[in-house]
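Treat the numbers as computed from the prediction; the structure is a model and nothing was measured. Counting starts at 1 for both ligands and their atoms, in listed order. Atom set for the values below is all heavy atoms of this structure, side chains included, hydrogens, waters and symmetry mates excluded.
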Amino acid sequence: VLASDASRRATKPAAGPAAPTDAAGSAQRPLPADGLRLTAGLLHDWQHRNASASMPLALRQLEVAGNLDNLRLAIGVAADGDGHADAAAGDVDGEAYHGPAFMDSDIYKTLEAIGWELAHGDRPEFVEFAARTIGLLERAQQPDGYLNSYVQATRTPRYANLARSHEMYCAGHLIQAAIALHRCTGAPLAESGRLLAIATRFADHLVREFSGQEKGIDGHPIIETALVELYRETGTGTYLNLARQFVDQRGHGLVGDSGLGRRYLQDHLPIRETDTEVGHVVRALYLEAGVTDVATETRDDELLQSSITRWADMVATKTYLTGGNGSRHVDEGFGDRFELPPDRAYNETCAAIASFQWSWRLLLATGDAKYADHMERVLYNGFAEAIAAGGDRFFYVNPLQRRADHFEKDDPGRRREWFSCACCPPNAMRLMASLERYLATATDDTLYLHQYTGAELTGANLAVSITTDYPWSGQVTLRVLAAPSAPRVLAFRIPAWSASSSFKINNSAEQAVVPQHGYLLVHQQWRPGDEITLHLDMTPRWTYPDRRVDAVHGCAAIERGPLVYCFEQVDQLVPLDELAVRPGVRLAEREVTLDGIGRTIQVSVAARHVPPPPEQPVPRVSAVAIPYFHWDNRGPGAMRVWIPGA
Ligand SMILES: [Zn+2]
């Protein structure tokens, strides 16, 4: 069925999820995937867990939940033709369409994860699933390129309700899956070419249907960034033009009515005129990825600046300490500025992924280290925490506090295997499978290292290996494996949280780092065997909330390196909501191995037991914190990130 591993290697180095063209206005470039791999450490282990536990779960769930049956149903309806007039919408031959209208997108996200994962080596079960599923998609696709199991199986008119139908949202995920498979498995893999053919047929249909017209735009963005990427993959300019058209058409009431207002759909104002994120978070942030892509490829500085402005506002006023976004459950939406209640945080997992992807595009566009800083915050906290230690359960909503008696309707707020709206788990899988693509960037003469983990990578003609126990340790050792004859700059991101850092080259004396624009820049002629060791200060630290965040007045949180910490009931001697601390007091850390979690670093602090009503004398106890991403792996119980001051 498949080409061998050797012939799978494309002649051109495979690109990652966002690959700006040579003509794009990008400050930095992604590294070619050849020689870019995770070798050891936390991110490596997460990626391995993703392939061994999470993705096999998705393959099962797509059958169990009915996603693949929906495709079969669409194929059956097409075979029935118009003669089957008695079939009620949603019920064909006694079989019903399963789940929400965007069930196809879960299939596409899983195929995308398979694409990125196959770059790491052969996985016959993934290849077999991809081949089988691509066969279904080929049969379900209509002669003019249209493909949507909900619309086809329920005989719903196409594009009749774009505010809700997710037709182009599903098309966008189809395109992204096709690109991942195509980039990672190369042209010799028959299946990857077949999926790209399905995707381009659909994209060509969209161009014919919407290009140059005001027929509507999709209520759930992602088609914008997907079309730009398809342009990058195929060179077909009409895809870029359609993406730019969709971006420019937003804000003019073309989307229709979702029932939740125009802000929900980012259709209240033209994008260039908005200065803050509103409405449904995932929609808003997928749109921003597309806005940044369009701006980069068309060198539209005004458009790029508008995205940069909204990013800065979002991070300063509408983002939780964990990097999460979304403080309203009713519309999975952004709240007002500084409306960030920890217990009511929504912080959808997909929102963390969307934020990560948008920041990556802004990093490529501008080369500003603050975007990599934020990606790190999202990656190790708001995103990592969504996945259970075993890789087989997921959070959809990611609050910063769970009370002892918490329920949301009848849901106790624990991770689950799957969801009736299962957007998050396969979304997490596609990011995990492509994690190494986000570690570093390059220009002609500089290799930028943004995320530290055990890895091998090549950029600016330098090949290096990274050895580190990050984020547990702040020591990062880079070893040059191969170097060109001309000098090169090695640029190490110095995280904004690092109060002090130092480095040494080979056996030279330790020097204090003086960051330039967020990077330590070392410019010299490199030779194989050269080593740079970077020391980042990992001392646990107190973090205080902005005074405008009313919900956490008088509280403080603990961070260590890139990790946000939280207090779980299971580690405390007294009820969690009867604990108070004196912020600023010394924090002690120790490495431990915990059941259900494994190796971690605890941080403890002297605390007061303040039972309500207050009694005297107040007993002294210790409060113990663990990394936020480790919580909810040891049974139910209360958790909080922000802890009250005594
Ligand atoms: Zn989601």
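- Side-chain contact, Tyr264 with Arg283: a donor N or O sits under 3.5 Å from an acceptor N or O.
- In this model, no donor atom of one side chain and acceptor atom of the other lie less than 3.5 Å apart for Thr453 and His44.
- No side-chain donor-acceptor contact under 3.5 Å links Tyr286 and Gln266.
- Under 3.5 Å, the side chains of Glu417 and Gln61 contain a donor-acceptor pair of N or O atoms.
- A donor-acceptor pair under 3.5 Å is absent between the side-chain atoms of Thr133 and the main chain of Ala130, judged by distance alone.
- Panel detail: the Zn ion (ligand 1) has protein N, O or S atoms under 2.8 Å away, 4 in number.
- Tyr146 and Glu167 form a side-chain donor-acceptor contact under 3.5 Å, judged by distance and modelled atom types alone.
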